[in-house]
Amino acid sequence: KVFILLLIMTELKWPKSLVVIRHGESEQNAVLDLFEKDLDKNLLMHQKEIRDADIELTDKGINQAQKTGELLAKEEPFDICLASPYKRTIQTAENILSKFDYEIKLHTDNRLREKEFGRLHAFSEAEIKEKYPEEFEDRKREGKYWYRLPRGENYPDVEMRVHSFLGKLNRDYPGKRVLIITHQVPYKIFRTLFGHLKEEEVISLPETPNCGIQEFKINTKDSSEGKLVLNFYDKIAY
(Lines give C-alpha, C1' and ligand atoms only; values in the text may rest on other atoms or scores of the structure.)
Protein backbone atom coordinates (compact mmCIF):
# COMPACT_ATOMS: atom_id res chain seq x y z
CA LYS A 1 0.00 0.00 0.00
CA VAL A 2 2.85 2.39 0.82
CA PHE A 3 4.52 1.62 -2.50
CA ILE A 4 1.30 2.29 -4.41
CA LEU A 5 0.79 5.58 -2.55
CA LEU A 6 4.33 6.71 -3.33
CA LEU A 7 3.87 5.74 -6.97
CA ILE A 8 0.68 7.80 -7.20
CA MET A 9 2.36 10.80 -5.53
CA THR A 10 5.26 10.74 -8.01
CA GLU A 11 2.82 10.70 -10.94
CA LEU A 12 0.77 13.68 -9.75
CA LYS A 13 0.87 16.67 -12.06
CA TRP A 14 -0.44 19.21 -9.53
CA PRO A 15 -0.13 19.97 -5.82
CA LYS A 16 -2.39 17.68 -3.83
CA SER A 17 -3.83 20.77 -2.15
CA LEU A 18 -3.74 24.43 -3.15
CA VAL A 19 -4.99 27.07 -0.69
CA VAL A 20 -5.31 30.62 -2.07
CA ILE A 21 -5.91 33.58 0.27
CA ARG A 22 -6.56 37.25 -0.34
CA HIS A 23 -4.59 39.63 1.90
CA GLY A 24 -6.06 41.12 5.08
CA GLU A 25 -7.66 44.55 5.22
CA SER A 26 -5.24 47.15 3.85
CA GLU A 27 -4.92 50.79 4.82
CA GLN A 28 -7.11 52.02 2.00
CA ASN A 29 -8.68 48.90 0.61
CA ALA A 30 -6.44 49.28 -2.44
CA VAL A 31 -8.21 46.51 -4.38
CA LEU A 32 -11.61 48.26 -4.51
CA ASP A 33 -12.97 48.62 -8.02
CA LEU A 34 -12.06 52.25 -8.62
CA PHE A 35 -14.85 52.74 -11.12
CA GLU A 36 -17.65 51.59 -8.86
CA LYS A 37 -16.78 52.98 -5.42
CA ASP A 38 -15.71 56.46 -4.40
CA LEU A 39 -13.07 56.52 -1.68
CA ASP A 40 -12.86 59.09 1.11
CA LYS A 41 -11.00 62.20 -0.14
CA ASN A 42 -8.30 61.96 2.52
CA LEU A 43 -7.71 58.29 1.73
CA LEU A 44 -7.59 59.06 -1.97
CA MET A 45 -5.01 61.79 -1.45
CA HIS A 46 -2.86 59.54 0.74
CA GLN A 47 -3.10 56.62 -1.64
CA LYS A 48 -2.02 58.74 -4.60
CA GLU A 49 1.17 59.60 -2.76
CA ILE A 50 2.33 56.00 -2.27
CA ARG A 51 2.82 53.02 -4.52
CA ASP A 52 0.20 50.31 -4.51
CA ALA A 53 3.01 47.90 -3.61
CA ASP A 54 3.75 49.83 -0.39
CA ILE A 55 0.23 49.86 1.10
CA GLU A 56 0.21 48.09 4.45
CA LEU A 57 -2.32 46.20 6.56
CA THR A 58 -4.50 47.85 9.17
CA ASP A 59 -4.58 46.45 12.70
CA LYS A 60 -7.82 44.77 11.67
CA GLY A 61 -6.07 43.21 8.69
CA ILE A 62 -3.30 41.86 10.93
CA ASN A 63 -5.91 40.32 13.22
CA GLN A 64 -7.68 38.75 10.23
CA ALA A 65 -4.41 37.19 9.09
CA GLN A 66 -3.64 35.84 12.55
CA LYS A 67 -7.11 34.30 12.86
CA THR A 68 -6.60 32.73 9.45
CA GLY A 69 -3.28 31.32 10.60
CA GLU A 70 -4.91 29.81 13.69
CA LEU A 71 -7.44 28.05 11.47
CA LEU A 72 -4.86 26.73 8.99
CA ALA A 73 -2.56 25.61 11.80
CA LYS A 74 -5.11 22.91 12.65
CA GLU A 75 -4.78 21.37 9.19
CA GLU A 76 -2.15 19.18 7.57
CA PRO A 77 1.15 21.14 7.31
CA PHE A 78 1.94 23.07 4.16
CA ASP A 79 5.13 22.46 2.21
CA ILE A 80 5.62 25.98 0.82
CA CYS A 81 4.10 29.48 0.93
CA LEU A 82 4.19 31.71 -2.15
CA ALA A 83 3.08 35.34 -1.98
CA SER A 84 2.78 38.53 -3.96
CA PRO A 85 5.74 40.84 -3.21
CA TYR A 86 3.46 43.69 -2.09
CA LYS A 87 3.73 44.76 1.56
CA ARG A 88 0.15 43.87 2.50
CA THR A 89 0.50 40.33 1.15
CA ILE A 90 3.87 39.78 2.82
CA GLN A 91 2.43 41.04 6.13
CA THR A 92 -0.55 38.73 5.70
CA ALA A 93 1.70 35.76 4.98
CA GLU A 94 3.99 36.48 7.93
CA ASN A 95 1.09 36.80 10.35
CA ILE A 96 -0.50 33.58 9.08
CA LEU A 97 2.77 31.64 9.29
CA SER A 98 3.46 32.97 12.79
CA LYS A 99 0.60 30.77 14.04
CA PHE A 100 2.10 27.54 12.68
CA ASP A 101 4.10 25.29 15.00
CA TYR A 102 6.44 24.41 12.13
CA GLU A 103 8.55 26.42 9.69
CA ILE A 104 8.09 26.62 5.95
CA LYS A 105 9.76 28.79 3.36
CA LEU A 106 8.05 31.96 2.14
CA HIS A 107 8.86 32.96 -1.42
CA THR A 108 7.53 35.87 -3.46
CA ASP A 109 6.45 35.78 -7.08
CA ASN A 110 5.68 38.93 -9.09
CA ARG A 111 2.99 37.10 -11.05
CA LEU A 112 0.82 37.03 -7.91
CA ARG A 113 0.65 40.84 -7.61
CA GLU A 114 -2.64 42.71 -7.93
CA LYS A 115 -4.01 43.99 -11.23
CA GLU A 116 -2.13 47.15 -12.21
CA PHE A 117 -4.37 50.24 -12.07
CA GLY A 118 -1.87 52.41 -13.97
CA ARG A 119 -2.46 56.15 -14.17
CA LEU A 120 -5.92 55.77 -12.59
CA HIS A 121 -4.50 54.37 -9.35
CA ALA A 122 -6.52 55.87 -6.45
CA PHE A 123 -8.89 57.85 -8.67
CA SER A 124 -12.57 57.70 -7.75
CA GLU A 125 -15.28 57.14 -10.35
CA ALA A 126 -16.28 60.82 -10.13
CA GLU A 127 -12.69 61.97 -10.67
CA ILE A 128 -12.25 59.71 -13.67
CA LYS A 129 -15.48 60.89 -15.22
CA GLU A 130 -14.40 64.53 -14.76
CA LYS A 131 -10.69 64.34 -15.66
CA TYR A 132 -10.62 61.39 -18.09
CA PRO A 133 -14.08 61.27 -19.70
CA GLU A 134 -12.79 59.27 -22.68
CA GLU A 135 -11.51 56.55 -20.34
CA PHE A 136 -14.79 56.56 -18.47
CA GLU A 137 -16.69 56.03 -21.73
CA ASP A 138 -14.22 53.39 -22.96
CA ARG A 139 -14.70 51.41 -19.79
CA LYS A 140 -18.49 51.62 -20.12
CA ARG A 141 -18.23 50.28 -23.67
CA GLU A 142 -15.63 47.55 -23.10
CA GLY A 143 -16.87 46.39 -19.70
CA LYS A 144 -14.99 45.62 -16.49
CA TYR A 145 -13.41 42.41 -17.78
CA TRP A 146 -11.90 43.62 -21.06
CA TYR A 147 -11.19 47.29 -20.35
CA ARG A 148 -7.46 47.82 -19.92
CA LEU A 149 -6.55 50.68 -17.60
CA PRO A 150 -4.10 53.21 -19.12
CA ARG A 151 -0.59 52.03 -18.27
CA GLY A 152 -2.36 49.25 -16.37
CA GLU A 153 -4.00 45.87 -16.93
CA ASN A 154 -7.32 44.15 -17.56
CA TYR A 155 -8.52 40.77 -16.28
CA PRO A 156 -7.06 38.76 -19.21
CA ASP A 157 -3.65 40.35 -18.54
CA VAL A 158 -3.74 39.03 -14.98
CA GLU A 159 -5.02 35.71 -16.27
CA MET A 160 -1.96 35.34 -18.50
CA ARG A 161 0.52 35.79 -15.67
CA VAL A 162 -1.41 33.54 -13.27
CA HIS A 163 -1.51 30.93 -16.04
CA SER A 164 2.28 31.27 -16.28
CA PHE A 165 2.53 30.85 -12.50
CA LEU A 166 0.60 27.57 -12.72
CA GLY A 167 3.52 26.19 -14.71
CA LYS A 168 5.70 26.69 -11.63
CA LEU A 169 3.22 24.76 -9.47
CA ASN A 170 3.12 22.02 -12.05
CA ARG A 171 6.92 21.84 -12.29
CA ASP A 172 8.05 22.37 -8.69
CA TYR A 173 5.28 21.25 -6.33
CA PRO A 174 3.41 18.16 -7.58
CA GLY A 175 1.93 16.23 -4.68
CA LYS A 176 2.68 19.07 -2.20
CA ARG A 177 0.44 21.29 -0.06
CA VAL A 178 0.85 24.86 -1.32
CA LEU A 179 -0.29 28.08 0.35
CA ILE A 180 -0.67 31.23 -1.78
CA ILE A 181 -1.23 34.78 -0.52
CA THR A 182 -2.40 37.19 -3.20
CA HIS A 183 -4.98 39.87 -4.08
CA GLN A 184 -8.61 39.97 -5.13
CA VAL A 185 -8.24 39.80 -8.92
CA PRO A 186 -5.59 37.01 -8.99
CA TYR A 187 -7.64 35.18 -6.35
CA LYS A 188 -10.60 35.19 -8.74
CA ILE A 189 -8.39 34.21 -11.67
CA PHE A 190 -7.31 30.98 -9.96
CA ARG A 191 -10.97 29.96 -9.86
CA THR A 192 -11.41 31.23 -13.42
CA LEU A 193 -8.62 29.05 -14.79
CA PHE A 194 -9.40 25.86 -12.90
CA GLY A 195 -13.15 26.28 -13.40
CA HIS A 196 -12.97 27.45 -17.06
CA LEU A 197 -15.20 30.43 -16.24
CA LYS A 198 -16.52 32.75 -18.94
CA GLU A 199 -16.43 36.56 -18.82
CA GLU A 200 -19.88 36.94 -17.29
CA GLU A 201 -19.15 34.25 -14.70
CA VAL A 202 -15.94 35.97 -13.62
CA ILE A 203 -17.59 39.36 -13.27
CA SER A 204 -20.49 37.87 -11.32
CA LEU A 205 -18.16 36.45 -8.65
CA PRO A 206 -18.80 38.29 -5.35
CA GLU A 207 -16.24 40.68 -3.90
CA THR A 208 -13.69 38.56 -2.09
CA PRO A 209 -13.54 39.26 1.65
CA ASN A 210 -10.21 40.18 3.19
CA CYS A 211 -8.41 36.95 4.07
CA GLY A 212 -10.99 35.04 2.04
CA ILE A 213 -9.85 31.45 1.52
CA GLN A 214 -10.40 29.11 -1.40
CA GLU A 215 -9.07 25.59 -1.63
CA PHE A 216 -8.46 23.28 -4.56
CA LYS A 217 -7.83 19.59 -3.98
CA ILE A 218 -6.37 16.98 -6.28
CA ASN A 219 -8.80 14.61 -7.93
CA THR A 220 -7.32 11.46 -9.49
CA LYS A 221 -10.64 9.88 -10.43
CA ASP A 222 -10.26 10.45 -14.17
CA SER A 223 -6.47 10.61 -14.46
CA SER A 224 -3.46 9.30 -12.57
CA GLU A 225 -1.90 12.76 -13.01
CA GLY A 226 -4.89 14.28 -11.26
CA LYS A 227 -6.52 17.68 -11.61
CA LEU A 228 -7.28 20.40 -9.10
CA VAL A 229 -10.96 20.94 -8.30
CA LEU A 230 -12.57 23.56 -6.08
CA ASN A 231 -13.27 22.35 -2.55
CA PHE A 232 -14.60 25.62 -1.07
CA TYR A 233 -14.59 29.35 -1.86
CA ASP A 234 -14.52 32.59 0.16
CA LYS A 235 -14.27 30.92 3.57
CA ILE A 236 -13.17 33.23 6.40
CA ALA A 237 -11.70 32.46 9.83
CA TYR A 238 -12.77 35.58 11.72
Side-chain angles (χ1 to χ4, degrees), residues 4-23 31 68-69 71-84 89 92-93 96-97 100 102 104-115 145 155-237:
I4 294 175
L5 177 60
L6 289 174
L7 181 61
I8 292 175
M9 294 298 289
T10 57
E11 291 180 346
L12 290 181
K13 179 179 179 181
W14 296 104
K16 66 177 180 180
S17 172
L18 177 65
V19 174
V20 183
I21 300 177
R22 182 192 174 194
H23 63 79
V31 293
T68 303
L71 176 68
L72 296 178
K74 300 174 184 177
E75 301 181 1
E76 180 183 352
F78 289 94
D79 295 292
I80 189 71
C81 179
L82 300 158
S84 156
T89 40
T92 301
I96 288 175
L97 299 184
F100 294 178
Y102 58 93
I104 63 171
K105 290 184 178 179
L106 167 61
H107 295 311
T108 61
D109 193 299
N110 292 334
R111 292 170 291 187
L112 296 174
R113 73 186 188 278
E114 178 60 302
K115 182 177 78 171
Y145 183 83
Y155 273 69
D157 290 330
V158 181
E159 182 176 322
M160 290 298 291
R161 51 182 166 88
V162 174
H163 186 274
S164 170
F165 175 79
L166 294 184
K168 179 180 181 66
L169 295 184
N170 184 293
R171 180 182 66 251
D172 296 342
Y173 304 111
K176 303 295 185 180
R177 268 178 58 79
V178 178
L179 176 62
I180 292 174
I181 314 297
T182 185
H183 306 260
Q184 173 154 223
V185 176
Y187 177 98
K188 292 181 177 180
I189 295 300
F190 275 98
R191 181 168 180 180
T192 299
L193 291 172
F194 286 120
H196 305 285
L197 302 187
K198 299 177 181 178
E199 174 187 354
E200 59 273 16
E201 294 173 312
V202 178
I203 298 305
S204 66
L205 290 173
E207 182 174 331
T208 306
N210 291 114
C211 280
I213 310 167
Q214 63 179 320
E215 180 181 53
F216 300 89
K217 284 194 170 183
I218 197 74
N219 184 334
T220 57
K221 182 178 179 180
D222 300 320
S223 168
S224 62
E225 290 184 339
K227 64 178 182 178
L228 287 171
V229 296
L230 185 67
N231 186 34
F232 57 77
Y233 189 76
D234 277 359
K235 181 177 180 180
I236 56 175

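Quantities reported herein were computed from a predicted structural model and do not represent experimental measurements.
- When all heavy atoms are compared, the tightest approach of Y145 to E159 is OH-OE1, 3.2 Å.
- Atoms CG and CD, on D234 and E207 in that order, are 10.0 Å from each other to the nearest 0.5 Å.
- In terms of heavy-atom proximity, I21 sits nearest to L179 at CD1-CD1, 3.7 Å.
- Side-chain polar atoms of R22 and T208 form no donor-acceptor pair below 3.5 angstrom.
- Side chain of T192 to main chain of V202: no donor-acceptor pair is present (N/O by atom type, distance under 3.5 Å, no hydrogens or angles).
- Note that OH of Y155 is 11.0 Å distant from CD of E199, once rounded to the nearest 0.5 Å.
- Considering CG of N219 and NZ of K16, their distance stands at 15.0 Å, rounded to 0.5 Å.
- For the atom pair CG of L18 and CG of L82, the computed distance is 9.5 Å after rounding to the nearest 0.5 Å.
- For V20 against F190, the heavy-atom pair with the smallest separation is CG1-CD1, 3.9 Å.
- Ring geometry for H23 against H183 counts as perpendicular: the plane angle is over 60°, on a 0 to 90° scale with 30° as the lower cut.
- Taken from CD in Q214 to NZ in K188, the straight-line distance is 11.0 Å, to the nearest 0.5 Å.
- Counting heavy atoms from C-beta outward, Y173 and K168 have side chains that approach closer than 4.5 Å.
- Here the options are I180, I96, I104, the test is side-chain contact (heavy atoms from CB on, under 4.5 Å), and the partner is C81; only I104 passes.
- The local environment of NE2 in H107 is crowded, with over 12 non-hydrogen atoms from other residues, nucleotides or ligands closer than 6.0 Å.
- Within the 4.5 Å cutoff, side-chain heavy atoms of F165 are placed close to those of L112.
- The shortest non-hydrogen separation linking C211 to T68 is CB-OG1, 3.5 Å.
- Between the CZ atom of F216 and the CH2 atom of W14 there is a distance of 11.0 Å, given to the nearest 0.5 Å.
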Notebook entry, point to check: Run the side chain to side chain contact (heavy atoms under 4.5 Å, CB included) check on L228 and L169 step by step: do they pass?
Noted result: CA-CA 11 Å; L228 287 171; L169 295 184; 5.6 Å; no

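- Side-chain atoms of P77 and R177, non-hydrogen and from C-beta on, never get closer than 4.5 Å to each other.
- Here the two rings, on Y233 and Y187, have centers that are under 6.0 Å apart.
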Next item on the list: Could you walk me through whether D172 and I80 pass the side chain to side chain contact (heavy atoms under 4.5 Å, CB included) test, one step at a time?
Entry: CA-CA 10 Å; D172 296 342; I80 189 71; over 6 Å; no

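- Checked by atom type and distance alone, the side chain of R113 pairs as donor or acceptor with a backbone atom of N110 at under 3.5 Å.
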Next item on the list: With side chain to side chain contact (heavy atoms under 4.5 Å, CB included) as the test, would you mind laying out the steps for K115 and D157 before giving the verdict?
Entry: CA-CA 8 Å; K115 182 177 78 171; D157 290 330; over 6 Å; no

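- Heavy atoms only, all atoms of each residue included: S84 and T108 are closest at O-CG2, 4.2 Å.
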Item checked: Stepwise side chain to side chain contact (heavy atoms under 4.5 Å, CB included) check, R111 with V162 -> CA-CA 6 Å; R111 292 170 291 187; V162 174; over 6 Å; no

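- Within the 4.5 Å cutoff, side-chain heavy atoms of T220 are placed close to those of L12.
- Scanning both residues, K217 and N231, for their nearest heavy atoms gives CE-ND2, 3.9 Å.
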